[in-house]
Structures are given as structure tokens and as C-alpha cells.
Asks: 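Structure in C-alpha cells, see below.
Note that the numbering runs from 1 along the sequence shown for the chain. Remember, it's 1-based here, ligands and their atoms both numbered in the order they're listed.
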Amino acid sequence: MSLVYGPVPSRRLGQSLGIDPIPFKTCNYNCVYCQLGRTAPVTNERCDFFSPASIMTAVEAALERHQPGDIDYVTFVGQGEPLLCASLGRLIRSVKALTSIPVAVITNGSLLFLTGVREELYAADVVIPTLDAVDEATFRQINRAWPSLRIDRIVAGLEAFREEFSGKIWVEVMLVRGLNDIEPVLVPLAAALERIRPDRIQLNVPVRLPAEEWVEPSDAAGLLRAMTILGEVAEVIPAAEGMFEVDETDSLVDGVVDILRRHPMRQRELERTLGHLAGESKDEVIKALEESGYARRRIYRGEVFWTYARGRYGSAGPEIA
Ligand code: SF4
């Protein structure tokens, strides 16, 4: 498994070179909309899952392979919650010493109530925390967090981070139809966001298959409601589709599986990604992917998605044999 992947097209960050310091689905949340499936087990322990030296070796190699213009952001993200990486602060500072490309951290923000964790993020340029609801009941319903994580402490952590951090904070709100796109949830969320004062509020909807099949993206009325209640600073992030760059060091199939661990792909995205191959070779790679045991096709809202085979999705979700 590679510790660095991409660049991949990101809805918010353009072409993003991903650094992944966390093993598959290692998280202190178990969000109903998680595109990687259910977290099992949920964990809240910070540690170094991979050696920081090996992560930095992979970053250096990836930066050498690309021209600076190929990458818009170097992003800590991936298969789980990056704040669970105990050396995250050191890694961010090491990347900043290597390149002038801005560094982003995509996080659920749950550990920002800890002073030491906030300090680790100071060297980043952009921090993108998630905040879906600020009432404990809806927070539990959507994010299914580690039991000791309380939303009031998480919000206080975000407020403190805003006071201390000189970079940009873009708060992401993932809107799930009927859960957090309704007035009783949005009004207290708006009040909390007013205190947090993020540079941007980015409204998002689950566009790839979610952990739970019953999850539906907020519809136009829900998005309009959210924009009205959360204020002018809230923006809707359009769905991005594009080419994924496959690391072909081992094999094309391994390279595609490596992307699927972090990012389910639509059938047409997979075909586009393999577009440089002649028709027959493309079919052979797709067949080999099917037979590898590492990838599964699943249907969500009438679309075929390729997912990592270990991803655990809601039992109601049909899987293509
Ligand atoms: S969406 Fe992010 S925070 Fe939520 S379970 Fe998935 S990896 Fe964790």
C-alpha cells in the first residue's frame, strides 16, 4: 500500500497529492455517509501507524515525479482520521520544509479540543474540519463518534483553534437529507459557526456510495434551507469528476486498488482513468481487478461504483457479484 497517492481530483482542492498516515478505516467516527464504509472498530488512540521516515520518503519521491504545477495542494487525508497519527505535526512541518505547495489537512476536527493537537496543525495552510451538527443527538446519529467525544467540547476546540491559527479554516458540513438539513439542526449549527468564524463554510452532499444505503443527499430545498440559515458565507461544493492518476509501480491493478482504498470510483471514472490503454487491455485490467478479490462493484442510486473489497457497507446495499 502506498502512503502517498494521486494527485487525485478534489472538489475543493483541485489536484490534490494525498498523504495517508492512517490505515484503512481507522477513525474515531463512524459516519453514516462515509464513502469508505463502516468503521470497525471505532478507535480514539493516537499512534504512529507507519514510520514517519517512510512517509516522508514517499512524499519526496512523489514530489520529484511531478512538476509543481501538477499539484495544487499536498493534503493529509486518506483512509481514516489523520489527527489519530501521533506524528502529524512533525510530518506537516517536514512537508513544508520540502515544498512551497500549500498543505491542507482534512479532518473530522474531533480532537481539536486538545491543545497539543491544535498546535500540531499550526504549520498547515488550510485545515478543513467537518461539523455536521452541534446538538448531541444529531451528532451521534450522523457521526456515531467514539463515546467520550462530546460535540460541545469539539465546538469549543474549533473556537479555540480559530483564535490561535493564522491559516485558513474551511468548515465542511455534509448534508444528509432529513437528518441535518432541517431547521432545528441548522439553527444551532449556524450559531456555533458564527462563533467559530471559519473562512469558508462548504456545504457538501454525499455523492459517492455511503456506509449506510439509506443515506440520501440533501435535495435542492435542503441545500437552499442550509444556505439561508447558515448565511452568505456558505457555499455549495460542486461534485468533481476527473482522472485519477494510477501508481503503476507494481501493477495497474494494484494502483487502482490503492485508489479504491481511499476513494470509490464510478465505472466511468475507472474507464476514464484507464483511458490510455487500448480497448482490449482496458477490459483485461477491469477483469483482473474483478478477479483480484480486492475490489467490489456496488450500486448506489442507480450508479455502479468500484470499492475496496474490505469496505463494509450497509447490508441493504446490493453488491454486483
Ligand atoms: S467520513 Fe471521515 S470522519 Fe467520518 S467515518 Fe469516514 S473517515 Fe471517519
Side-chain angles (χ1 to χ4, degrees), residues 1 3 5 8 10-13 16 18-47 49 75-85 88 104-114 117 121 126-134 138-151 153-155 157-158 169-177 179-180 202-218 237 239 259-264 298 300 305 307-308 310-314 317:
M1 185 199 90
L3 299 168
Y5 65 99
V8 294
S10 156
R11 288 190 277 180
R12 296 165 289 189
L13 297 166
S16 163
I19 303 179
D20 192 354
I22 298 289
F24 183 71
K25 274 262 57 182
T26 302
C27 195
N28 50 8
Y29 280 11
N30 180 18
C31 303
V32 292
Y33 56 71
C34 185
Q35 64 180 12
L36 300 180
R38 294 173 175 168
T39 314
V42 178
T43 178
N44 199 35
E45 191 183 343
R46 299 192 77 212
C47 59
F49 299 93
T75 309
F76 286 86
V77 60
Q79 311 175 56
E81 171 47 46
L83 294 187
L84 291 177
C85 168
L88 185 67
V105 180
I106 298 181
T107 169
N108 61 28
S110 59
L111 296 181
L112 290 175
F113 69 90
L114 298 167
V117 172
L121 293 183
V126 183
V127 174
I128 308 177
T130 308
L131 190 64
D132 298 325
V134 297
T138 312
F139 166 63
R140 291 269 142 217
Q141 208 178 358
I142 296 179
N143 303 113
R144 303 187 297 191
W146 178 258
S148 66
L149 294 168
R150 313 287 305 179
I151 193 62
R153 290 185 82 193
I154 293 169
V155 171
L158 285 164
I169 301 176
W170 302 345
V171 170
E172 175 185 73
V173 182
M174 186 66 94
L175 290 169
V176 180
R177 188 172 179 181
L179 284 188
N180 63 341
Q202 301 187 316
L203 305 180
N204 219 331
V205 293
V207 289
R208 291 171 195 275
L209 81 170
E212 307 302 338
E213 292 288 334
W214 51 262
V215 166
E216 285 184 43
S218 189
I237 305 302
I259 293 175
L260 296 180
R261 278 197 182 92
R262 288 113 179 174
H263 210 295
R298 293 184 164 89
Y300 174 61
F305 284 87
T307 66
Y308 183 45
R310 278 182 49 210
R312 294 164 43 147
Y313 295 85

Asks: Check each heavy atom of Glu81 against ligand 1 and say whether those closer than 4.0 Å belong to the side chain, the backbone, both or neither.
Replies: neither

Asks: May I ask you to check whether over 12 heavy atoms, not counting those of Arg153, lie within 6.0 Å of atom CZ?
Replies: no

Asks: Scan Asn28, Thr107, Asn44, Thr130 and name whichever one has a side chain to side chain donor-acceptor pair (under 3.5 Å) with Glu81.
Replies: Thr107

Asks: Give the ring-plane orientation class for Tyr29 versus Phe139, where under 30° counts as parallel, over 60° as perpendicular and anything between as tilted.
Replies: perpendicular

Asks: Check for me whether Lys25 has a heavy atom closer than 4.0 Å to any atom of ligand 1.
Replies: yes

Asks: So do Pro129 and Ile106 actually touch side chain to side chain, heavy atoms under 4.5 Å?
Replies: no

Asks: Heavy-atom distances under 4.0 Å are what count here, so tell me which part of Cys27 touches ligand 1: side chain, backbone, both or neither.
Replies: side chain

Asks: How far is atom 6 (Fe) of ligand 1 from its nearest protein heavy atom, and which residue and atom is that?
Replies: Cys34 SG, 2.4 Å

Asks: Taking only heavy atoms of Asn108, which atoms of ligand 1 are found under 4.0 Å from at least one of them?
Replies: 3 (S)

Asks: Considering all protein heavy atoms, does one lie under 4.0 Å from atom 2 (Fe) of ligand 1?
Replies: no

Asks: Please write down residue, atom name and distance for the protein heavy atom closest to atom 4 (Fe) of ligand 1.
Replies: Cys31 SG, 2.3 Å

Asks: Among Arg298, Arg208, Arg261, find the residue that satisfies the side chain to side chain donor-acceptor pair (under 3.5 Å) test when tested with Thr307.
Replies: Arg298

Asks: Within the 4.5 Å heavy-atom criterion, are Phe49 and Leu3 side-chain neighbours or not?
Replies: no

